[in-house]
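Throughout, numbering of the chain's residues begins at 1 and tracks the sequence.
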Amino acid sequence: MITVQIHKAGTLTGHQNPIFAVENGPEAATLFTAGNDKGVVQWNMDTLAFERILYPVQSSVYALHLLTDTAFLVIGTRSGKVMVVDTVTRKLVASLEHHQRPVFDIKSFRNKPELVLSSEDGTVSVWNTTDFRLLYHFKVADQTVRAIAISEREETLAFGTKAGKLKIYNASDYGLMADIQAHTMPVTSLAFSPDGRFLLTGGRDARLNVFHATDFSTAHSYVPHMFTVYAIKYHPVLPVFATASRDKSIKIWTADDFRLLRIISFEKGLDGHLLSVNDIAWNTHKHQLVSVSDDKKAMVWDVAISS
């Protein structure tokens, strides 16, 4: 039986406005956060202290993504502009100026040099990560495409839309494979399981749906939170995943049978967030979970998992 012990390691303070995104750095002890401020912040996970403003921005940041096996951080903003920044030199590598509305999610492939962006304009753009040329641009929905997930074998992509739709595309030619009404309200988070068995979808309707990744039939559907499920993140090694919600809580679940293990929240006696939890990330440096919130704080949690 899996058990989880939670201890708050510290709080990262300094943001003056809500934080919307958190991402690990190219080195395990480095972390980046951004939101409704004027810059992307770099933190030291050894000392749990501010290091520097990595890069200034002119509008709110909704998404951060570190390109695999590089030191390049991709920054998606409310204006639709996307910057690629070298986290070592702090210099701008590329400016991707294509979308005219906010960019909400960013993903990249491990096995081919392609970067995928989704926008409030209902479209997706695909870029070559070698020279940052625009390769493809296609319409997925009439309104916002909020979330992206790439399957473990990188054969399919999933997009979550404002209309509650789950759109499945072939990763080789970006052809549409399936169009599923997954939620009654906008889809706000997506994640393929590391073992390739499932695709998880979270929505503004507070539901978490589990689909079989082979035929996208429904495996489970339940209500894990009281409000919007903003993030679903699998542990990098262990068979658990975490969800984060507008209800100010983080929950940890078993990956095999979706059993609730622990709740991290102020209401459960932990010194947790007081407002919406907008994003989470597992940091491998000390096996910690990092959460960011509308309360302008990033919190670092020691998560001890045993069986």
Side-chain angles (χ1 to χ4, degrees), residues 62-63 65 76 99 101-109 114-126 136-234 241-246 251 253-258 279:
Y62 288 157
H65 177 73
H99 294 284
R101 304 294 295 274
V103 169
F104 279 111
D105 205 0
I106 305 168
K107 293 291 188 294
S108 62
F109 292 87
E114 291 182 8
L115 177 72
V116 186
L117 314 177
S118 69
S119 172
E120 187 179 281
D121 62 17
T123 70
V124 166
S125 60
V126 182
Y136 310 104
H137 174 247
F138 53 95
K139 184 175 181 178
V140 171
D142 291 330
Q143 294 177 298
T144 305
V145 182
R146 179 63 182 261
I148 308 169
I150 300 175
S151 64
E152 184 62 24
R153 295 177 63 181
E154 299 193 336
E155 295 174 341
T156 56
L157 293 96
F159 300 106
T161 78
K162 186 175 182 178
K165 291 288 191 76
L166 176 62
K167 300 288 191 80
I168 309 297
Y169 283 75
N170 188 307
S172 61
D173 60 7
Y174 296 100
L176 180 64
M177 298 171 59
D179 184 336
I180 302 163
Q181 189 66 52
H183 292 265
T184 59
M185 298 179 73
V187 177
T188 49
S189 53
L190 295 172
F192 279 97
S193 61
D195 61 9
R197 296 170 59 199
F198 301 111
L199 170 61
L200 278 58
T201 72
R204 192 166 294 169
D205 56 8
R207 297 202 72 86
L208 184 77
N209 294 326
V210 182
F211 295 92
H212 292 290
T214 49
D215 59 5
F216 300 103
S217 61
T218 302
H220 303 279
S221 181
Y222 55 102
V223 181
H225 290 276
M226 293 177 63
F227 300 110
T228 308
V229 182
Y230 278 133
I232 307 167
K233 299 292 176 69
Y234 277 87
F241 67 93
T243 56
S245 171
R246 186 186 170 195
K251 296 186 179 182
W253 312 79
T254 57
D256 292 331
D257 56 7
F258 309 100
D279 197 12

A.B. asks: Do Arg146 and Arg204 touch side chain to side chain, with heavy atoms closer than 4.5 Å?
C.D. replies: yes
A.B. asks: Specify the closest pair of heavy atoms between Thr201 and Ala182, including all atoms of both residues, with the distance to one decimal.
C.D. replies: OG1-CB, 4.4 Å
A.B. asks: Residues two or more places apart in sequence or in another chain: which of them pass ring-ring contact (aromatic ring centres under 6.0 Å, His included) with Phe192?
C.D. replies: none
A.B. asks: Check whether Thr123 reaches the backbone of Phe138 with its side chain - one donor and one acceptor, N or O, closer than 3.5 Å.
C.D. replies: no
A.B. asks: Quick one: OG on Ser118 to NZ on Lys107, what's the gap to the nearest 0.5 Å?
C.D. replies: 8.0 Å
A.B. asks: Closer than 3.5 angstrom, by distance alone: can the side chain of Lys251 be matched with the main-chain N or O of Pro224 as a donor-acceptor pair?
C.D. replies: yes
A.B. asks: Between CG of Leu190 and CD1 of Ile232, what distance do you get to the nearest 0.5 Å?
C.D. replies: 6.5 Å
A.B. asks: Taking Asp205 for the side chain and His183 for the main chain, is one N or O donor matched with an acceptor at less than 3.5 Å?
C.D. replies: no
A.B. asks: Within the side chain of Glu155, is there an N or O that forms a donor-acceptor pair under 3.5 Å with the backbone of Ser172?
C.D. replies: no
A.B. asks: Do Val145 and Lys167 have side chains that get closer than 4.5 Å, going by heavy atoms?
C.D. replies: no
A.B. asks: Would a 4.5 Å heavy-atom cut-off, applied to side chains only, mark Leu199 and Thr156 as touching?
C.D. replies: no
A.B. asks: Given Asp256 and Thr254, is the side-chain hydrogen bond (donor to acceptor under 3.5 Å, both in side chains) satisfied, shown in steps?
C.D. replies: CA-CA 6 Å; Asp256 292 331; Thr254 57; over 6 Å; no
A.B. asks: Considering residues, nucleotides and ligands other than Met226, do more than 12 of their heavy atoms fall under 6.0 Å from its CE?
C.D. replies: no
A.B. asks: Look up atom CG in Asp105 and atom NE2 in His65, then write down how far apart they are to the nearest 0.5 Å.
C.D. replies: 9.0 Å
A.B. asks: Find the distance between CD (Glu152) and OH (Tyr234) and round it off to the nearest 0.5 Å.
C.D. replies: 11.0 Å
A.B. asks: Distance-only, no hydrogens or angles: does the Thr161 side chain make a donor-acceptor pair with backbone N or O of Ala163 under 3.5 Å?
C.D. replies: yes
A.B. asks: With the side chain counted from C-beta on, respond yes when Leu200 and Phe241 share a heavy-atom pair under 4.5 Å apart, and no when they do not.
C.D. replies: yes
A.B. asks: Atom CZ of residue position Arg246 - does it have more than 12 heavy atoms of other residues, nucleotides or ligands inside 6.0 Å?
C.D. replies: no
A.B. asks: Do the non-hydrogen side-chain atoms of Lys233 and Asp279 ever get within less than 4.5 Å of each other?
C.D. replies: yes
A.B. asks: Walk me through whether Tyr169 and Val140 qualify under side-chain contact (heavy atoms from CB on, under 4.5 Å).
C.D. replies: CA-CA 10 Å; Tyr169 283 75; Val140 171; 3.8 Å; yes
A.B. asks: When rounded to the nearest 0.5 angstrom, what distance separates CD in Gln143 from CG in Asp121?
C.D. replies: 11.5 Å
A.B. asks: How long is the gap from CZ on Phe104 to CG on Leu117, to the nearest 0.5 Å?
C.D. replies: 13.0 Å
A.B. asks: Which atom names give the shortest non-hydrogen contact between Ala178 and Leu176, and what distance separates them?
C.D. replies: O-CD1, 3.4 Å
A.B. asks: According to the interplanar angle, ranging from 0 to 90°, do the rings of His212 and Phe198 count as parallel (below 30°), tilted (30 to 60°) or perpendicular (above 60°)?
C.D. replies: tilted
A.B. asks: If you look at every heavy atom in Ile148 and Ile106, which pair is closest and at what distance?
C.D. replies: CD1-N, 4.2 Å
A.B. asks: Heavy atoms, side chains only, cut-off 4.5 Å: are Leu157 and Tyr174 in contact?
C.D. replies: yes
A.B. asks: Do Glu120 and Tyr62 have side-chain N/O donor and acceptor atoms under 3.5 Å apart?
C.D. replies: no
A.B. asks: Taking all non-hydrogen atoms of both residues, which atom of Asp142 and which atom of Lys139 are closest, and how far apart?
C.D. replies: OD1-NZ, 3.1 Å
A.B. asks: Which pair of non-hydrogen atoms, one from Ser108 and one from Ile150, has the smallest distance, and what is that distance?
C.D. replies: O-CD1, 3.6 Å
A.B. asks: Using 30° and 60° as the class boundaries, would you call the ring planes of Trp253 and His225 parallel, tilted or perpendicular?
C.D. replies: perpendicular
A.B. asks: What closest approach, in Å, do Asn209 and Ser221 show between heavy atoms, and which atom pair accounts for it?
C.D. replies: OD1-OG, 2.5 Å
A.B. asks: Kindly indicate whether the side chain of Val116, heavy atoms from C-beta on, has any atom under 4.5 Å from the side chain of Phe109.
C.D. replies: yes
